[in-house]
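Start at 1 and go down the list; that is how both ligands and their atoms are numbered.
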Amino acid sequence: MKCRKCGATAAINMRHHRLALCASHYLEWIPEQTQRTIEHYRMFSLSDQVLVAVSGGKDSLGLWDVLDRLGYQTAGVYIGLGIDGGVRYSDQSLARCRAFAGARRLKLHTVDVPTELGASIPEAARLTHRGQQKPCSVCGLTKRHVMNRVALEAGVDVLATGHNLDDEVAVLFGNTLSWSTGYLARQAPVLEARPGFVRKVKPFCRLMERETAAYAVLRGIDYIYDECPFAEGATNLTHKDLLNRLEADRPGAKLSFYLSFLRARQTGALLLPGAAEAESDLHACVTCGQPTTAPGECTYCRTRRRIHEKREQRSR
Ligand code: AMP
Ligand code: FES
Ligand code: ZN
Ligand code: ZN
């Protein structure tokens, strides 16, 4: 297989684009594609301050690298979740993010959840759910809360995450199977700012996981290979597996499923409940001030309170 641009040995073949590229042309192609996505969805411009949420993995560190190379003004935010899983998962991830930011002289905000919440994510799940529930739901709500707060405090224009096409398609597929219209209405490459909520964007939403992985490897980015030890519910993995089989059989199926969904919604062919309806239920959390639909306190503050109460009960 030869590079389409220079004829050298190809480092990657992308069947859905009918495109094979050598390492150096691939390292140019990814920023070009990302730039096109940023412009297509009007995500941000060179004058905007972009906060990149980095987990230490290939997608988010790859994204930060690309945005920096494209000349955007960026800083990072890393949220330490206190996850060990036998591989010192959180410590290792933080080390990768620090090394990355340090080498490029970029600012990295860090937040330590065990300090803020009063418990690590696995402890928080145990303390608040009684049984042995997976920590992913408390983890998700904590990450959303903290990212939004750091973005607002830092006064940035936009928050960028490393979600790739495989992530987006697996979520879309799951929400379609259950016709979760509320979630479908909100799944988008850009979520506009609302009072109390920072604008959110996903510049890698059209890139496959193998493409972001190839970019990180060829760029020599030192990222954490381990998945979170509690990684994704079994259903999400089953969906990814199904979609990979579909893609192998019909290259381009994932991208087309995702883009057709976005188009159908944009043109009004797919009518979903408007964001305005959900908005009417929002009010400021009495403790932290972030918008919430929960009565009184937001879920994060309520979780935090319950953890402190449990700790007090135990120490008595
Ligand atoms: P995940 O929820 O693990 O699929 O991650 C989706 C995106 O959320 C990543 O690409 C990152 O941009 C962001 N993210 C995940 N974990 C963290 C973390 N611990 N700190 C900051 N951002 C994160
Ligand atoms: Fe949150 Fe795994 S439970 S990253
Ligand atoms: Zn080439
Ligand atoms: Zn709150």
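Hydrophobic cluster membership is shared by Leu270 and Val190, with clusters built from Ile, Leu, Val, Met, Phe, Trp and Tyr side chains linked at under 4.5 angstrom.
Heavy-atom minimum distance, Tyr215 versus Pro31: CE1-CD, 4.3 Å. Scanning both residues, Tyr89 and Asp226, for their nearest heavy atoms gives CE1-O, 3.6 Å.
For the Zn ion (ligand 4), the tally of protein N/O/S atoms lying closer than 2.8 Å stands at 4.
Tyr223 and Tyr225 have tilted rings, their planes meeting at an angle from 30° to 60° on a 0 to 90° scale.
Between Arg149 and Glu116 there is a salt bridge, since a side-chain N of the basic residue sits under 4.0 Å from a carboxylate O of the acidic one. Between Glu297 and Arg306 there is no salt bridge, since no side-chain N of the basic residue sits under 4.0 Å from a carboxylate O of the acidic one. The residues Glu209 and Lys240 are annotated as salt-bridged, a charged nitrogen and a carboxylate oxygen being separated by less than 4.0 angstrom. A salt bridge is absent between Asp157 and Arg199: the closest approach of a Lys/Arg side-chain nitrogen to an acidic carboxylate oxygen does not fall below 4.0 angstrom.
The angle His25:ND1 - the Zn ion (ligand 3) - Cys6:SG amounts to 110°, with values rounded to 10 degrees. When SG of Cys3 and SG of Cys22 are joined through the Zn ion (ligand 3), the resulting angle is 110° to the nearest 10°.
Cation-pi geometry between Arg304 and Tyr300 is not met at under 6.0 angstrom from the ring centre and within 45 degrees of the axis.
Ligand 1 lies under 4.0 Å from heavy atoms of Ala53, Val54, Ser55, Ser60, Val77, Tyr78, Ile79, Leu81, Lys143, Met147, Thr161, Gly162, His163.
At a cut-off of 3.5 Å, with distance as the only test, no side-chain donor of Thr128 or Thr303 sits close to an acceptor on the other residue.
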